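Report on one structure; see the data block that follows.
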2 protein chains.
Amino acid sequence: MNLPRRRSTGRITLSDVAAAAGVSPITASRALRGERGVAQELRERVQAAVQRLGYVPDPAARALASQHGSHVGVLIPMLSNALFVDLIEALQRVLRAAGYQPLIGLTHYDKSEEEHLLREQLMHRPAGLVVTGFDHSAGTRALMAQGAVPCVHVMETSDQPGVWSVGFSQREAAAALTRHLLARGHRRIAFVAAQLDPRTLQRLDGWRDEMQRHGLADPRLEWSNPAPSSLALGAQMLAQVMAQQPRVDAIFFCNDDLAQGALLAALRTGIRVPQDVAIAGFNDLPGSDQMVPALTTVRTPRERIGEAAAQMLLTLMRHGTPAQAAVDLGFEVVVRESA
Amino acid sequence: MNLPRRRSTGRITLSDVAAAAGVSPITASRALRGERGVAQELRERVQAAVQRLGYVPDPAARALASQHGSHVGVLIPMLSNALFVDLIEALQRVLRAAGYQPLIGLTHYDKSEEEHLLREQLMHRPAGLVVTGFDHSAGTRALMAQGAVPCVHVMETSDQPGVWSVGFSQREAAAALTRHLLARGHRRIAFVAAQLDPRTLQRLDGWRDEMQRHGLADPRLEWSNPAPSSLALGAQMLAQVMAQQPRVDAIFFCNDDLAQGALLAALRTGIRVPQDVAIAGFNDLPGSDQMVPALTTVRTPRERIGEAAAQMLLTLMRHGTPAQAAVDLGFEVVVRESA
DNA sequence: CTGAAAGCGCTTACAG
DNA sequence: CTGAAAGCGCTTACAG
């Protein structure tokens, strides 16, 4: 007599909940999303029905109807830098607790790869976006602007209007570490960089600021290698720098893995640290405190950056306004034995 | 006169493409998904229209209509073990190229957390699942069974019917490394474990097999600590083991980070490796080749596991049947200086 | 504060 | 090999 239901999935739907609660689907929807302006009593009836029926909302239907999904795109360079692992863990924890799924995209420090990933992310209509730093391709910037998706930048801060960020001053952190080296009496302090990503370049600036201020600047003290950062590369670059005349008395490696590799190479080749040369790193990655000698470095607050960025994004996604546009979480120079 | 369009999004839809190509939306849909049985000519007209209009399919609509999304859930213990970073990179690369988005869930080696994550993943109707190992809660197993979502297990293999897996024999790998230690003349070989996850336990079995076979088994040689693996823990456990009488002549650490920490602690405390005690690890993580002395370990094929698992899952998601149910990718004992 | 109707953009049976 | 109709499970304006 009546038409057969087609493609029925047997799923408990919002309508089932509404019927059980004796309200319209629309009111059930509003109650579920915690929208203001639903009578307390109806709200409770809906909650009870949800419990009773074991209702689970369908994210796909929600995304289609509301024009945005429940995931947030997270664009980071790579996971093999422990820094980003800590960041992701923290982001994941708070985003997840609020019902959002992080979708991780790995840019490999490549701007066009980043643009490609963003385009891919955007077609999934993310509710929000977390991106690393501010150095993006024109295409990426255009996509972010037109998308109108809430976005927070991490690792660096910016005072540009309309830009949300959580990070610290890479430049100041590098300057602070350089001042520590200077205070220890070092004069010929080399800066050794790999990867040459924007944050490495900012650290280079911070080092250069201090060296110039002390009249110690010398381009021969700047070393770099475009290869990705690794222990092996650190070992290789230590050898290069030490072969130079006149010798440097301290080396500031732009990342801890490089410094760890250098420390191990020093051990292997009989270079005494810090007597023959002092060595410092950046980020305080796992293992740096275990090195022989223990590595002097800068502790960067990536866990707190992850948390704060997630909180800020949550506020934005709920159409709120974060208290501050740029949150600077600082850093800490960790003095150990190597410098 | 005519009704105003409501909530129009201005998006180019499949209907627009179909109209431009002069076919029905349904045919356009079929052509787009590469479904068999669409005339070559229509297929081309649709493709041309897609290009011309810059059409991008809406994953949410697709997911709602087809009852499954375009992402695949990936459940791993954690990212701070470099092993899983390599696995994820590989999985990500091939899954992404095929149009799937990996959704990473971190279980922290906790079965109930895994179950919780899986429940969360499943409500998003993933197209497929990648899970680590076979040691799951009853709830997790039930969810995987009822979900009917294609699933491949990684890191271990199983010959159970209906189970798909890509990995290697953790037990045999540990046995092979133990045989190497034995061949070097070591007799009192300790096994030191952290974390005690299932794969660590399998390695313990492999070591025990060999020790028993040579009549060298001794429960006092088994050490473990439930804390997560780290360099600092390796240092601590080396001290514990070395304080024991009679002394061991070799230590097999269940993971490289533990062994790396032990190597550094030995350096700090004047223990000579391998003369006073030989040290071996497992996994060949970054930095192990740079240690002083360089760490002897087992190289595990996580990149190839990631690729093969992704390929297998792709086959499954396309309703195909993989050539093998269990793919064993082997391992390699890497003999360096420490043992 | 609440609801009836329409629609989000696809795909699934059912026909032919 | 191709298509008209219905439906996936939600939310958004529009009314009242």
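If you're wondering where the values come from, they're calculated on a predicted model, not measured in any experiment. Numbers restart at 1 for each chain; the letters A, B, ... are given by sequence-line order, proteins then strands. Below, each value reflects all heavy atoms present in this structure, side chains not excepted, and no hydrogens, waters or symmetry copies.
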Please table the atom pairs, donor to acceptor, closer than 3.5 Å between any side-chain atom in residues 17-24 of chain B and protein atoms at least two apart or in another chain.
from: B:Ser24; atom 1: OG; to: B:Thr27; atom 2: N; distance (Å): 3.3
from: B:Ser24; atom 1: OG; to: B:Thr27; atom 2: OG1; distance (Å): 3.2

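- Nearest to the side chain of A:Leu64, among D:dT11, D:dG9, D:dT2, sits D:dG9.
- Counting only residues at least two apart or on different chains, no ring-ring contact (aromatic ring centres under 6.0 Å, His included) pair has a member in residues 21-45 of chain A.
- Among pairs with a residue in residues 74-83 of chain B, none fulfils salt bridge (Lys or Arg N to Asp or Glu O under 4.0 Å), at least two apart in sequence or across chains.
- Listed by chain and residue number, A:His108 satisfy the side chain to side chain donor-acceptor pair (under 3.5 Å) test with B:Glu89 (two or more places apart in sequence, or in another chain).
- Residue pairs satisfying the ring-ring contact (aromatic ring centres under 6.0 Å, His included) criterion with at least one member in residues 124-146 of chain B, sequence neighbours excluded, are listed as follows: B:Phe134-B:His153, B:His136-B:His153.
- Applying the salt bridge (Lys or Arg N to Asp or Glu O under 4.0 Å) rule to A:Arg96 yields the partners B:Glu120; only residues at least two apart in sequence or on another chain are considered.
- For B:Arg43, there are no salt bridge (Lys or Arg N to Asp or Glu O under 4.0 Å) partners at least two apart in sequence or on another chain.
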Study note, to complete from the structure: Each base of DNA chain D marked ( ) or [ ] if paired in-strand (Watson-Crick or G-U under 3.5 Å), | if paired to another strand and . if unpaired gives |||.||||||||.|||

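- Of the listed nucleotides (D:dT11, C:dA13, C:dT2), C:dT2 has the atom at the smallest distance from the side chain of A:Leu42.
- The backbone N or O of B:Gln101 lies less than 3.5 Å from no partner atom in the side chain of B:Ser70, so there is not a single donor-acceptor pair.
- As rounded to whole Å, 16 Å separates atom C1' of D:dG7 from atom CG of A:Leu14.
- Backbone-only contact: B:Arg33 has heavy atoms under 4.0 Å from sugar-phosphate atoms and none from a base.
- Taken residue by residue, residues 49-61 of chain B places heavy atoms nearer than 4.0 Å to DNA chain C at B:Tyr55, B:Val56, B:Pro57, B:Asp58, B:Ala61.
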